[in-house]
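Numbers here simply count residues along the sequence, with the first being 1. Ligands are counted one by one from 1 in listed order, and the atoms in each one are counted from 1 as well. The structure displayed is predicted, hence computed values, not measured ones.
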Amino acid sequence: MPKVYLRTFGCQMNKLDSELVLGELLRAGYQPVDNEFEADVILFNTCSVREHAEERVYSHLGALKKIKKNRPEVIIGLLGCLAQKDKNKALKRVPHLDLVCGPHRYKILPELIRKIAEEHRPVIETSQSGLENDGAYFRNLEARQNSFQNYVRVMQGCNNYCSYCIVPSVRGTVRSRPLPDIAAETKMLVDNGCLEITLLGQNITAYRSEKNTLADVLKELSKINGLARLRFITSHPAYVTQELLETIRDNDKICPYLHMPAQSGSNRILKAMKRGYTAEIYLDLIRQAREIVPDLGIASDFIVGFPGETESDFEATVNLIREADFQNCFIFKYSPRPGTKAAELAETVPEAIKKERNNLLLKIQSEISARHNQKLVGKTDDVLVEGGGKNNHPGGRAGSGKQTGRTVHNQIVFFESPNDLTGQLVKVRITSATSLSLQGRLMANGREN
Ligand code: SAH
Ligand code: SF4
Ligand code: F3S
């Protein structure tokens, strides 16, 4: 049996793609291994959203040269967004690469690998015609990372062309899957033990198939018996509707959590980013969302150092963050992406200032997040346990000790347990909180253990 090592970089969409790729390879007779030294086929599924992400991958690829030198028959492949973006340039940079395969061609990946093994020639496969990787997969349950928490693609691609973003060019235009396909796949996963489904789409709120919207998808999936939690990411503010918010409010299974990136608080910068809303519109939407779903947790993304971002633009972002009162935020330093509109603009913000702004936003948000988390102390929350930590009970059984899981609002919780509860929904009483996580005590039958 040939052995494959598949390593994933990047977002949740890539994690799902890796599962689908692995599923196909398992069907083709491969055996997964967890390190590159034992593998016959080494695959990196990669991200190109920022330059730093790319450099990391190239440096890891460079390190494989030794393996290729010792075992020339090993097949090394670059998959994902970086493969789609760099095509034959990747091969020039990494001469020991055998395969460059973009996200639309995974269906034929086992064939490509066979071809390379037979013909001993590198293959570059980045055609976007047909956009084949659109969910026409029969999920292979054996490729799941775990049985209780799974991803389901509802759409992919993006038509927004935010001026800084590489995603539309590497992932193509929007393709939404028909609702019956999404429902059938979700049901199959739930019938096989899944408690929590996260629906994925680069711009999921733009989902549309026939007359169905994301709200229709959520309503339909909420009916599936055995499913405990439904999440969805990522939401673009311009497509968040009242119907979607009411759907979240009216269905217990839908986690009251919205990841809705604002990117900036300056209207001038938002315009240059082509985001399609102003800071005022965004804040109004947040107000409306909280009115409809009072316990809604809202998370956001921000980019600092976009070309032309002045001190006062940055202040506007600080103001928006303070006013929006997010549960948590992801902050990124602007990275020019070749081929995007923004990359044609001269960069005006030095790296040191980007870093300073980045740190300042992190600090401000960390205080806000801590305040949100503090409010939960003393309350009892449902937690889906994701894993056991180290066994820190002297003499304790394997798998006992620290456990971690998530609340419906996606906050990380740590608690102690005498046995491993991975994959179970439990009640935890929150005892303390920081900006990043919660600590709690496991409750038995609603009483403290
Ligand atoms: N589909 C997601 C975006 C994925 S990229 C969405 O629309 O929300 C995730 C985040 O990376 C974006 O929200 C943005 O904040 C950041 N990002 C995207 N392009 C970037 C760039 N060129 N430089 C820095 N950050 C970027
Ligand atoms: Fe990129 Fe904008 Fe599309 Fe998000 S909405 S994937 S940031 S182009
Ligand atoms: Fe990165 Fe591609 Fe996801 S660029 S963020 S892996 S869609």
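Counting protein heavy atoms under 4.0 angstrom from atom 16 (C) of ligand 1 gives one or more.
Contact annotation for Pro168 and ligand 2: only side-chain heavy atoms (C-beta onward) come within less than 4.0 Å of the ligand. The parts of Ser335 lying near ligand 1 are both backbone and side chain, judged by heavy-atom distances below 4.0 Å. The side chain of Arg171, and not its backbone, has at least one atom closer than 4.0 Å to an atom of ligand 3 (non-hydrogen atoms only; side chain from C-beta on). Of all the heavy atoms of Cys158, the ones lying under 4.0 Å from any atom of ligand 2 belong exclusively to the side chain. At a heavy-atom cutoff of 4.0 Å, ligand 1 is contacted by the side chain of Gln263 but not by its backbone. Residue-level proximity to ligand 2 for Tyr164 is carried by the side chain, the only part with a heavy atom below 4.0 angstrom.
At the shortest separation from atom 8 (S) of ligand 2 among protein heavy atoms lies Cys162 N, 3.3 Å. Closest to atom 4 (C) of ligand 1 among all protein heavy atoms lies Val167 CG2, 4.5 Å. Looking only at protein heavy atoms, the nearest one to atom 1 (Fe) of ligand 2 is Cys165 SG, 2.3 Å. Distance from atom 9 (C) of ligand 1 to its nearest protein heavy atom, with residue and atom name: Asp301 OD2, 3.9 Å. The closest protein non-hydrogen atom to atom 2 (Fe) of ligand 3 is Cys81 SG, 2.2 Å. Looking only at protein heavy atoms, the nearest one to atom 3 (Fe) of ligand 3 is Cys11 SG, 2.3 Å.
The aromatic rings of His236 and Tyr239 sit perpendicular, their planes meeting at an angle over 60°, well past the 30° parallel limit. Using cut-offs of 30° and 60° for the angle between ring planes, the Phe330 and His259 rings count as tilted. Aromatic ring orientation, Tyr334 versus Phe306: perpendicular (interplanar angle above 60°, classes split at 30° and 60°).
Classification of Arg406 and Glu196 as a salt-bridged pair fails, no side-chain N sitting under 4.0 Å from a carboxylate O. Under 4.0 Å is where a charged nitrogen must lie from a carboxylate oxygen, and between Lys219 and Glu243 at least one such pair does. A salt bridge between Arg7 and Glu36 is absent, with no side-chain N of the basic residue lying under 4.0 Å from a carboxylate O of the acidic one.
To the nearest 0.5 angstrom, Glu54 atom CD is 11.5 Å from Leu61 atom CG. Of the inter-residue distances, the one linking Gln202 atom CD with Cys11 atom SG reads 6.0 Å to the nearest 0.5 angstrom.
For ligand 2 and Tyr161, the ligand atoms under 4.0 Å from any heavy atom of the residue are 8 (S). Remark: ligand 2 atoms within the under-4.0 Å shell around heavy atoms of Arg275 are 2 (Fe), 5 (S), 7 (S). Atoms of ligand 2 lying under 4.0 Å from any heavy atom of Val167, numbered from 1 in the order shown and given with element: 6 (S). The distance from ligand 2 to the heavy atoms of His236 drops below 4.0 Å at these ligand atoms: 5 (S). Residue Asn14 approaches ligand 3 through these ligand atoms, each under 4.0 Å from one of its heavy atoms: 6 (S). Interface of Thr234 with ligand 1, defined as ligand atoms under 4.0 Å from a residue heavy atom, comprises 6 (C), 8 (O). Those atoms of ligand 1 with a heavy atom of Arg337 less than 4.0 angstrom away are 22 (N). Taking every heavy atom of Cys47 and a limit of under 4.0 angstrom, the matching atoms of ligand 3 come to 1 (Fe), 4 (S), 5 (S), 6 (S). Listed by number with element, the atoms of ligand 3 under 4.0 Å from a non-hydrogen atom of Gln202 are 7 (S).
Between the side chains of Asp301 and Gln263, no donor-acceptor pair of N or O atoms lies under 3.5 Å. In this structure, a donor-acceptor pair under 3.5 Å is present between the side chains of Asn35 and Glu38. Side chain to side chain, Ser176 and Ser209 fail the donor-acceptor criterion of an N or O pair below 3.5 Å.
On a distance-only criterion, Gln202 and ligand 1 share at least one N/O pair closer than 3.5 Å. Residue contacts with ligand 1: Tyr164 is placed with a nitrogen or oxygen under 3.5 Å of a nitrogen or oxygen of the ligand (distance criterion only).
In this structure, Ile303 counts as a contact residue of ligand 1, since one of its heavy atoms falls inside 4.0 Å of the ligand. The closest approach between a heavy atom of Arg50 and any atom of ligand 1 is below 4.0 Å. Using a 4.0 Å cutoff on heavy atoms, Lys333 counts as a contact of ligand 1.
Within the 3.5 Å criterion, the main-chain N or O of Thr8 finds no donor-acceptor partner in the side chain of Asn45.
With ring centers used as reference points, Phe302 lies 6.0 Å or more from Phe332.
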